[in-house]
Amino acid sequence: MSTSTVGVIGLGYVGLPLAVAFAQEGCEVVAVDTDPRKIEAIEAGDSYIEDVSSEALTEVSARIHATTRYARLERADAVLVCVPTPLSRNREPDLGPLIEATRALSEVLQADQLVVLESTTFPGTTRERVAPLLEESGLAAGRDFHLAFSPERVDPGRTDFTLRNTPKVLGGLTDACADRAEALYGLVCETIVRVSSPEAAELTKLLENIFRSVNIALVNELAMLTDRMGIDVWEVVDAAATKPYGFMRFEPGPGMGGHCLPVDPFYLTWRAREFDIATEFIELAGKVNQQMPYHCVAKTQRALNEAGLSVKGARIAILGVSYKPGVGDIRESPALKIIGLLREMGAELLYHDPHVASLAEYSLTSTPLEEALTNADLTVIVTAHPGVDHDLVARRAPLVVDLRGVTSASGSANVVRL
Ligand SMILES: NC(=O)c1ccc[n+]([C@@H]2O[C@H](COP(=O)([O-])OP(=O)(O)OC[C@H]3O[C@@H](n4cnc5c(N)ncnc54)[C@H](O)[C@@H]3O)[C@@H](O)[C@H]2O)c1
């Protein structure tokens, strides 16, 4: 198969790196997004995703045709769908963007095209939701056009595992669909892992995310217990991680953030209800992880109290507000919850984050590190970005609450660790 033109719908954390990877392999890429600002940025060679440098984007810009117009997808051999799959206000799957994108695609769908859904979703989405909508085109899935699911596994900010060397799981509606998808992804991925169906591929992605969510909840629960017991949770995790088999290290912290872990597991919970199964591990993990910002605020309050201060009127600096190190993504970041809770209690907040210039919703802009440390009564390390010297933070700030275990264990008296 020669896939010379690849369409990508949804140019965010998942879609833009994919578009660039295919363009780097010499494919023409039709890149569609409903957000005209993204189209303008791509046309200007101005990347808004950390994992894609503006230089890399500019190098392939002649081959990336960014547009808001779905009609341009008519000439694509394959179309990858990478739109958001969020939760609704009552925490149910919100397939709105996916349905909208699929409907728009069905209007321009061509015989023999391959369509691959990459967005994380519950088992059955590709076959039961996407296929019927695409078939409104008059073409039959698996016969007139090919359809597959292949979950994106990108870990934003990570450089050792990228799209190229992270095995790519995929499941086709038919064997021929999987063959087409395998040939396509073989252009940009070293290893392809074929599973028997789109459902198996959909559930694989959810298992991976649920596995992380449950294990993070387990160490977080332990952190709340060790706090009462007067044991250092980091010391215990470090020691357990010396076991060469049967243990996998997970870090406690202020709670889960990002687009994936706080959201995806509940796609399965929702679907499981149809089968009279209550997915209790998922619910419990969500509950424990949601408790963590409250636990961290209580810990901050106690640290201030020990120093003879109250939260009300205290100046508190938050170090790192994105949800993970090395990226500027603040979606569902526990730092925002912590800022909100401390503000409600009357604290005056400031923050430093090299990746997040401002928090418009909180009317805050990032304060230079030195200034933040010296101007605050207490500094809370919420996200430990690479390049920030946390031992220096511990030396300069009058009082530190370290929620990431990044200050020395033997640290000074002014440091309280989670
Ligand atoms: N971010 C991650 O680390 C990650 C990792 C693996 C999987 N995923 C999954 O991939 C999917 C996309 O996530 P993301 O982080 O890239 O989201 P994102 O919000 O960064 O990007 C999604 C893009 O889709 C666009 N969009 C929305 N509706 C559209 C429509 N109808 N037509 C065209 N474009 C539309 C948005 O404007 C946005 O640019 C989600 O299902 C997510 O769960 C994300």
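Ligands are counted one by one from 1 in listed order, and the atoms in each one are counted from 1 as well. Only this structure's heavy atoms are used, side chains among them; waters, hydrogens and symmetry mates stay out. Owing to the predicted nature of the structure, the values given are computational and were not obtained by experimental measurement.
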Peer 1: Provide, to 0.1 Å, the distance between atom 29 (C) of ligand 1 and the closest protein heavy atom, together with that atom's residue and name.
Peer 2: Thr34 OG1, 3.5 Å
Peer 1: So, regarding Tyr70 and ligand 1 (criterion: nitrogen or oxygen to nitrogen or oxygen, under 3.5 Å), is there a contact or not?
Peer 2: yes
Peer 1: If you take the nearest heavy atom of each of Val81, Thr85, Val83, which one is closest to atom 11 (C) of ligand 1?
Peer 2: Val83
Peer 1: Answer with yes or no whether the side chains of Ser408 and Asp391 bring together a donor and an acceptor at under 3.5 Å.
Peer 2: yes
Peer 1: So for ligand 1, is Val14 a polar contact partner (N or O within less than 3.5 Å, distance only)?
Peer 2: yes
Peer 1: Using a 4.0 Å heavy-atom cut-off, which part of Pro151 comes near ligand 1: side chain, backbone, both, or neither?
Peer 2: neither
Peer 1: Near Ile9, which atoms of ligand 1 are under 4.0 Å from a heavy atom of that residue?
Peer 2: 32 (N), 33 (C)
Peer 1: So Arg315 and Glu348, salt bridge (charged side-chain N to carboxylate O under 4.0 Å, His left out) or not? Walk me through it.
Peer 2: CA-CA 5 Å; Arg315 296 198 78 183; Glu348 192 188 325; 3.2 Å; yes
Peer 1: Under 3.5 Å, is there a donor-acceptor pair linking the side chains of Thr269 and Thr279?
Peer 2: yes
Peer 1: List ligand 1 atoms under 4.0 Å from His259, heavy atoms only on the residue side.
Peer 2: 40 (C), 42 (C), 43 (O)
Peer 1: For Pro123 and Leu268, which heavy atoms make the closest approach, and how far apart are they?
Peer 2: CD-CD1, 3.9 Å
Peer 1: Side chain, backbone, both or neither: which applies to Pro156 and ligand 1 if a contact is any heavy-atom pair less than 4.0 Å apart?
Peer 2: side chain
Peer 1: Could you pull out, from Glu118, Lys324, Arg331, the option with a heavy atom nearest to atom 17 (O) of ligand 1?
Peer 2: Arg331
Peer 1: With heavy atoms only and a cut-off of under 4.0 Å, state how Asp329 meets ligand 1: side chain, backbone, both or neither.
Peer 2: neither
Peer 1: Around atom CG of Asp175, are there more than 12 heavy atoms of other residues, nucleotides or ligands at under 6.0 Å?
Peer 2: no
Peer 1: Below the 3.5 angstrom mark, is there an N/O of Thr120, backbone or side chain, next to an N/O of ligand 1?
Peer 2: yes
Peer 1: Identify the protein heavy atom lying closest to atom 39 (O) of ligand 1, giving its residue, its atom name and the separation to 0.1 Å.
Peer 2: Asp33 OD2, 2.6 Å
Peer 1: For Glu152, is at least one N or O under 3.5 Å away from an N or O on ligand 1?
Peer 2: no
Peer 1: If you count the atoms of ligand 1 from 1 in the order shown, which ones are under 4.0 Å from a heavy atom of Cys260?
Peer 2: 2 (C), 4 (C), 5 (C), 44 (C)
Peer 1: Of the options Arg153, Lys168, Lys205, which is the one that meets Glu118 in a salt bridge (Lys or Arg N to Asp or Glu O under 4.0 Å)?
Peer 2: Lys168
Peer 1: I want to know if ligand 1 touches Tyr13 in the polar sense, i.e. an N/O pair below 3.5 angstrom.
Peer 2: yes
Peer 1: Taking only heavy atoms of Lys38, which atoms of ligand 1 are found under 4.0 Å from at least one of them?
Peer 2: 38 (C), 39 (O)
Peer 1: Do me a favour and list the nearest non-hydrogen protein atom to atom 27 (C) of ligand 1 with residue, atom name and distance?
Peer 2: Pro84 CD, 3.5 Å
Peer 1: Looking only at protein heavy atoms, identify the closest one to atom 24 (O) of ligand 1 and say how far it is in Å.
Peer 2: Gly10 CA, 3.3 Å
Peer 1: Under 3.5 Å, is there a donor-acceptor pair between the side chain of His385 and the main chain of Thr383?
Peer 2: no
Peer 1: For atom 21 (O) of ligand 1, grab the closest protein heavy atom and report residue, atom and distance to one decimal in Å.
Peer 2: Gly12 CA, 3.2 Å
